[in-house]
Structures are given as C-alpha cells and as structure tokens.
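Written below as structure tokens is the structure these notes are about.
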Number of protein chains: 2
Amino acid sequence: MAFEICKFCTKRSIAAEHLGTDELERLSHSCVEVFFERGDIIFKQNALSSNIIYIRDGLVKVHIAGPEREQILKIAKGPTYLGIPTTFGDKVNHYSATALTHTEVCFIDIRIFKDFIATNSDFAYEIIVDLCKNELYHFHRCINQLQKQSPGRVAEALLYFANEIFNTKKYTLPLTRNELGDLTGCSRENVSRILTDFHKEGLIGLNGKKIEILNETMLGQISKNG
Amino acid sequence: MAFEICKFCTKRSIAAEHLGTDELERLSHSCVEVFFERGDIIFKQNALSSNIIYIRDGLVKVHIAGPEREQILKIAKGPTYLGIPTTFGDKVNHYSATALTHTEVCFIDIRIFKDFIATNSDFAYEIIVDLCKNELYHFHRCINQLQKQSPGRVAEALLYFANEIFNTKKYTLPLTRNELGDLTGCSRENVSRILTDFHKEGLIGLNGKKIEILNETMLGQISKNG
DNA sequence: TTTTCAATGTGATGTATATCACATTTGTTG
DNA sequence: CAACAAATGTGATATACATCACATTGAAAA
C-alpha cells in the first residue's frame, strides 16, 4: 500500500496517536487497507487470525454462532479495533465480523503490533485501557441481555442506534428484523410485535426500517427496567 | 508488609514472572496482603477503585447487581487478577468480589502497576494476553447463558466446578442454591428441581451441597445443548 | 440442648416468548 | 415491468420457568 498512509490517516486510534513518525512509517508497511460493502465478511469465526483489524470507518456487526442461534455481540462503529482478544487471546477467530455499510478496514500484521507494545509503553497502555473499557461494556451489555425482558432489550437497541451510532433521533435501522432479533436475543416475530407496540403507543415513529424516537424518556424507562 | 514477600511468593502471576528482582522489591513496597473468610467482601460495586486485586489463593465470586437481580459473573480461583478492567477502564468498581472460602488477596497500588506496564514490555504483553483470554471466556460464557435452557446452564456449572475449580468429580458446592441460581440465571426453586432431576436420572450424586458427577458424558451433552 | 433463622424442596399457577403457519409487503433479479 | 425471493406482520398454540405459598430440613446462635 502507499507509504505514509498511516502517517496522514485522520482516523487513527488513540493508541496509534502515540506512535512516532518512524513507527507510523513502519506501520504503513505492515498494514493493508480493504473496502467492504454490506454483507461482506471481514473475518470469520473459526478461521485462523494473525491480523489486528482496525475499522477506519463504517458499521460492522460482530457476531457468533452460539449453541442455538446466531448472536450479534456488538454493533461496532469506526474508528475502532476489532478482534484484539481473538488474536492475542487465541490464534483462531472466536467470532465473525460482517460489514453493515460501506466499511474501510485496516489489516495490521500482529508482529508489528507486538513490536509497538514491546517498545512503546504509551501505545501498550492505551491498548490495555481500550481492552478494559470494552470488557466493562460487554459485562453490562451481557447483564442487560440476561436480565431484561424483550421490550427492554429492544428499547435499549433502538436508543443505542440513536445515541451511540447515528447521533440522531431519526435514522434508518441497518438491520433486518431477524438481525435485530439476533442483537436482542428475541425471535423476529417478537421484535415485530414489540416495534409495532412501541409505534402504537407513540414511543417511536416506524416506517419499515425508518425509525424515529418520539418519546425518549419512556423508551429509556422501558430500556432501564426491562 | 514484610519486604521480599513478592520476591519469594510461590503464587506469582505469569505477568509478574517477568519482573526482575528490583521490580519485585518495589512491588513489595506497594502491595498489601489481606486474608478474607467466606462471605467477606473483597471489593464492592460502585466503590472507587485504585488498586489492582490479585487473588493468591482461594475462591471468589465476582458478582454484580443487575437491573433485576444479583448475577454472579464468574467463580474465580486463585492465582488470578481481578478487576483490572474496572481499574483501568474506569475508576469505579463495576462489580463486587466476595470470598467463598478462605482467600489470600494482594492489593497492588495501581501506580506501580502502570510503571511496570510502561517499563517492562513482557509484563505489559502478558497483562494484555490475560485480558484477552478473559474477554474470550466471558464472551462464550455470556452466549451460553443467553442461549441455553436452565438444565444446560446448571449442568455447565456443575462441570465447571468439577473440572476447572476442584479437579475432582466429587466435591462440596461452595454456593447456596440461591447463589447457584445467581450463577446460572435461574430461580433457586428451578435450581432445586433441576438438581433433583439430575439426581433421579442418575447423572449426579446429591447430598445437600455434596455433589458427585456420575455420568459426565450425559451431563456434558446437556451442558452443550442446553 | 433448644430455639431461631436460613436454606431447601415441592406443588400450583401465571407469564413471557418461542414456534408454527400463513398472508402480505418489499426488494431484487431477469 | 413481471416474477421471484426475502422480509415482515399477525394469530394461535406450546413451553420453559418465574412466582407464590408453604412445609421441611439443616445450620447457627443463645
């Protein structure tokens, strides 16, 4: 890939901001940028993993085939690292990542990543912080998945898209009903019923995949209490 | 605390094995060992966290008050770190840890931990690996919690105690029925019914808290499929 | 040793949601 | 533009398990 791409990248991670000019140049030599479209698989569960994946821009679903069904672990929005646990914790992908929109991905050779950890303590520290924050997020999301009832989980998902992904109350859901079920642990029929109920109760505007949050307070209540 | 305690500790972490004599001596100055008995709270959810907790020996439940009820996230067996995510990812404990048996805990000042990360890349690398492995473990446990039915989750818990905690098919459960419910996401009545069913079906021996795995193959099947 | 309290087991009932079936709508392909 | 496939909505039914109530057993405290 073109030299200096990492040097002039405007979507660098917080950790990468701690890399010097030399390090960024070395990174450019061990980093490949690839574009994906909706539905494209970025990496596949059970495949070998020897790269660190960095989403520069776009939206990705991180998903896993569980004992009974597909589960979406997270909707990840660039810029962000994916799959660090699966590359450092094991050598095999424990989950898959699939693009939901046009997505720009950097594949980083793990060896240079390890070099940076070994030689740049600010970089290593930011990676540790990033891993820790991710784990806390997953803990809370898991607890909410386990303990809330379906309407609470669906409400939580709708608010997540509004406040964390699109930053607007009116957006187009980048998921089918089936996928929304995979994200929230419901059947697609139950998702339909809940969305229709929310619409009838005036909590959201609903037109196919177009969602509008009309009563964020009430939706927040439902989300909080299940 | 007595100098050199870390130097001659036989329960050091993999990461700590990479510390030199000087570093271990400095660690001794920023490390306090405390003993806990069953029921003692090691750290509390929502309290400030400025220490890294290292369980030298003993059994601990990591638990969180969720939207509806207590949830046990993990039964942790020494030697192991606890709460690194909660100390690096935030400054507040996101969950609690409570001793289930006599437990030996080291409280390590976070500043020296950060120093080691900054100056000892092998140490930092092992901390990253440890965080990654933990996250993968939690992912799978979460998926299993979400997708398996109650008998599968209870079977999984019984096998976890047999194979990961006690390393024997005959052991005393260190949890009440209520706590086993917190670990598996069931009510205590359902846990009782399932244990009684397993006993009636000859899968386990059951005498109060004394458990004996009689049919590991079948239990493994139930655990796997829910 | 007795009393008290916590833990546990069991039966009955209610609830949330999956599953199944099928019709309708929407998006994609030829 | 029509045909086809995927996505979606809705009704009916089944199931897993929570909840409630209460009796019994075991552990702890007086």
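All chains are named by letter (A, B, ...) in the order of the sequence lines, taking the proteins before the strands, and each is independently numbered beginning at 1.
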Protein-nucleotide distance ([X], atom [atom1]; [N], atom [atom2]), rounded to Å:
{"X": "B:His199", "N": "C:dT8", "atom1": "NE2", "atom2": "C1'", "value": "15 Å"}
{"X": "A:Asn178", "N": "C:dT26", "atom1": "CG", "atom2": "C1'", "value": "16 Å"}
{"X": "A:Phe198", "N": "D:dT8", "atom1": "CZ", "atom2": "P", "value": "17 Å"}
{"X": "A:Leu175", "N": "D:dT8", "atom1": "CG", "atom2": "C1'", "value": "15 Å"}
{"X": "A:Lys210", "N": "C:dG27", "atom1": "NZ", "atom2": "C1'", "value": "13 Å"}
{"X": "B:Lys209", "N": "C:dA7", "atom1": "NZ", "atom2": "P", "value": "8 Å"}

| Within less than 4.0 Å of OP1 or OP2 of D:dA6, is there a side-chain N or O belonging to A:Thr176? | no
| task | Please determine, for the side chain of A:Ser192, which listed nucleotide (C:dT10, D:dA7, D:dG9) has the closest atom? | result | D:dG9
| said: Counting primed atoms plus P, OP1 and OP2 as sugar-phosphate and everything else as base, spell out the protein contacts along nucleotides 16-30 of chain D at 4.0 Å heavy-atom distance: B, S or - for each nucleotide, 5' to 3'. | reply: SSSBBB---------
| field | Distance-minimising heavy-atom pair for A:Val92 and A:Thr86 | value | O-OG1, 2.9 Å
| field | Smallest separation among heavy atoms of B:Glu37 and B:Ala99, with atom names | value | O-CB, 3.4 Å
| Are A:Ile53 and A:Phe107 close enough that some pair of their side-chain heavy atoms sits under 4.5 Å apart? | yes
| field | Side-chain donor or acceptor of A:Arg153 paired with backbone N/O of A:Leu183 under 3.5 Å | value | no
| query | Can you list every pair that meets salt bridge (Lys or Arg N to Asp or Glu O under 4.0 Å) and has a residue in residues 44-67 of chain B, with sequence neighbours left out? | reply | B:Lys11-B:Asp57, B:Glu33-B:Arg56, B:Arg56-B:Glu104, B:Lys61-B:Glu179
| Sole candidate of A:Ile42, A:Ile55, A:Thr101, A:Ile41 that passes side-chain contact (heavy atoms from CB on, under 4.5 Å) when paired with A:Phe36 | A:Ile42
